[in-house]
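Each chain gets a letter, A, B and so on, in the order its sequence line appears, and its residues count up from 1.
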Protein chains: 2
Amino acid sequence: MKTELRQDRDLSAQIADVLRNAIIEGRLLIDERLPSEAELADSYGVSRPTVREALKRLAAQSLIRTQRGASGGAFVNRISYDDAYGQQVSTATLLLSMNEVDFETACDARFALERSAAALSSERRSADHLAAMRAEIHRQAQPGLSDESFCASDVAFHRALVDGAGNPVLSWHLAGAIEGMQPLMNMITFSARDRARIIDLHAKLTDALEARNASGIETALDALCQETKQMAEQVKEARQQRPGTA
Amino acid sequence: MKTELRQDRDLSAQIADVLRNAIIEGRLLIDERLPSEAELADSYGVSRPTVREALKRLAAQSLIRTQRGASGGAFVNRISYDDAYGQQVSTATLLLSMNEVDFETACDARFALERSAAALSSERRSADHLAAMRAEIHRQAQPGLSDESFCASDVAFHRALVDGAGNPVLSWHLAGAIEGMQPLMNMITFSARDRARIIDLHAKLTDALEARNASGIETALDALCQETKQMAEQVKEARQQRPGTA
DNA sequence: AACTTTTCATTTGTCAGACATTTAAAAGTC
DNA sequence: GACTTTTAAATGTCTGACAAATGAAAAGTT
């Protein structure tokens, strides 16, 4: 772990890179303790604050955890499913909302991925998943539901659908595709007629899933994709007519 | 941006959370400048090193960039596609290699996702994508290729396939599924017979893509999935017979 | 007046040293 | 032996300082 640092870049960034590579490439094993801050500072020839900034960078990526006290220190972290889930959603959200990704592209990608998950789900889903989906449909039909709550329920519905595949890795991937679009979806105003159509499609989708009818699922998902893109298009047109609200 | 901080948690972590939320929820716009470190330290009642640790956490997630000099400071960053790509691959890699995700689950998820991307690619792929895929097949057939290089070429092949869909968001999602498995794939030793079978399937896959034959693509992908899982199974059995090499 | 050079204030990057707090192990006490 | 106290090690935080980069204003020059 001896690397000469250049002087023309942030020292803390370079140290973070060195340690990050050591962790990713497996030279530092899970739960292994890193040298203390003082030792790291000494071995890289920098001050402790600089080392600490490097360690905080790694902590932000859940690569290490720190513990105070005797026999404390920084330890290589086994990233938890929840941490990875949050990072996935967060990165997807930023990618979609900060880069001029048009809604149609994001939507196409999302439903393409969901189609394959739904196909697996139709083989493996349990009664619990169906029940969760029907519960969300029921919530979506309640009058007086805010657009935001409708959106949240929509996410929960699709999440249950995907979880039906019984593959946590697949669920993790889909989290980015589905939950990452939430900010974009929240810009949509759902009219009563929109909601009715969506709820109808959700019902058809759930029925097809219950019957393990793969083609029926695909049809419903395609229709949902079209519906969603259409609503987004309407929002876009409304924006163009009276700009400034953006 | 005035929030009381508790004393029972890391101050730098709390400050990072506050700023992160402000960015994600859009209260701080892209390219907007954050207050200077001294001002932040003052407004949160902490010292500058503490503020700096918080800012480094955000920088590690590409949420901000910093610039020195007059009119410098920390600016809300528009995350680049490349940054998001790297984060996606990195998170997926860690999730798969650090958590006891069995190979079969990861493999199923990966090919499920790739199936849907391939379906889109069969409609939209250009001649360039086909050429890139055939070039990788050619490389894979070369004798004396290391397992690692074979793996890398395999990734490039599938990446070209996915890129054929012409949807960068889809490519981004698939990057996690495909490249994230690379460490797991690198543990496999590819015998000459294994390689021949894989190359044959790659050729069939490319032919089907050229013919825009969706069902042929699906068949080839399913076979590849089976083949991959089988090879992993063999590695697993070999490990169990003489442990300690792990 | 127009252009060039210099100076300067601002801001991040880094350092040194100190103290506070937490924690586990060692030492002491009953 | 069981409990309490002490101690040492480590992270968390603070203060104050200097270095380096950078843009803008001031000064100087033609």
Can you check the [X] [atom1] to [N] [atom2] distance for me, whole Å?
X     : N      : atom1 : atom2 : value
A/I15 : C/dC15 : CD1   : P     : 8 Å
A/E37 : C/dT14 : CD    : P     : 16 Å
A/D42 : D/dA10 : CG    : C1'   : 16 Å
A/D10 : C/dT11 : CG    : C1'   : 13 Å
A/L34 : D/dA9  : CG    : P     : 20 Å
A/R33 : D/dA9  : CZ    : P     : 12 Å
B/F75 : C/dT12 : CZ    : P     : 9 Å

Checklist entry - CD of B/E148: more than 12 outside heavy atoms within 6.0 angstrom? => result no
Item to check | Residue among A/K56, A/R48, A/R68 satisfying salt bridge (Lys or Arg N to Asp or Glu O under 4.0 Å) with A/E37 | outcome: A/R48
Checklist entry - Can you tell me how far NE2 of B/H173 sits from NE2 of A/H173, rounded to the nearest 0.5 angstrom? => result 10.5 Å
Checklist outcome for this item: In numerical order, the residues of residues 52-61 of chain A whose heavy atoms come under 4.0 Å of DNA chain C are none
Checklist entry - Does the D/dG23 base have a donor-acceptor partner in the side chain of B/R68 within less than 3.5 Å? => result no
Checklist entry - Does any N or O donor sit under 3.5 Å from an N or O acceptor when you compare the side chain of B/R48 with the base of C/dT11? => result no
Next on the checklist: Taking the nucleotide of DNA chain D with the nearest heavy atom to each, does B/Q67 or A/S71 sit closer to the 5' end?
Outcome noted: A/S71
Checklist entry - Does B/S12 place a side-chain N or O at less than 4.0 Å from the phosphate oxygens OP1/OP2 of D/dG12? => result no
Item to check | Any A/T50 side-chain N or O less than 4.0 Å from OP1/OP2 of C/dC15 | outcome: yes
Next on the checklist: Does either side chain, that of A/S90 or that of A/T93, offer a donor lying less than 3.5 Å from an acceptor on the other one?
Outcome noted: no
Checklist entry - In terms of side-chain heavy atoms, does B/S62 have a donor or acceptor partner in B/N77 at a distance below 3.5 Å? => result no
Next on the checklist: Counting only side-chain heavy atoms from C-beta out, which of C/dT14, D/dA9, D/dT13 sits nearest to A/L11?
Outcome noted: C/dT14
Next on the checklist: Given D/dT13, C/dC15, D/dA10, identify the nucleotide with an atom nearest to the side chain of A/S36.
Outcome noted: D/dA10
Checklist entry - Parallel, tilted or perpendicular: which describes the rings of A/F111 and A/H158, with under 30° parallel and over 60° perpendicular? => result perpendicular
Next on the checklist: Assess the residue pair B/D108 and B/E104 against the criterion (side chain to side chain contact (heavy atoms under 4.5 Å, CB included)); give the C-alpha distance rounded to whole Å, side-chain angles, the decisive distance to 0.1 Å, and a yes or no.
Outcome noted: CA-CA 6 Å; B/D108 280 342; B/E104 197 176 342; 4.0 Å; yes
Checklist outcome for this item: Residue pair A/G69/B/G69 against DNA chain C: nearer the 5' end by closest nucleotide is B/G69
Checklist entry - Mapping A/G45 and A/A70 onto DNA chain C by nearest heavy atom, which one lands closer to the 5' end? => result A/G45
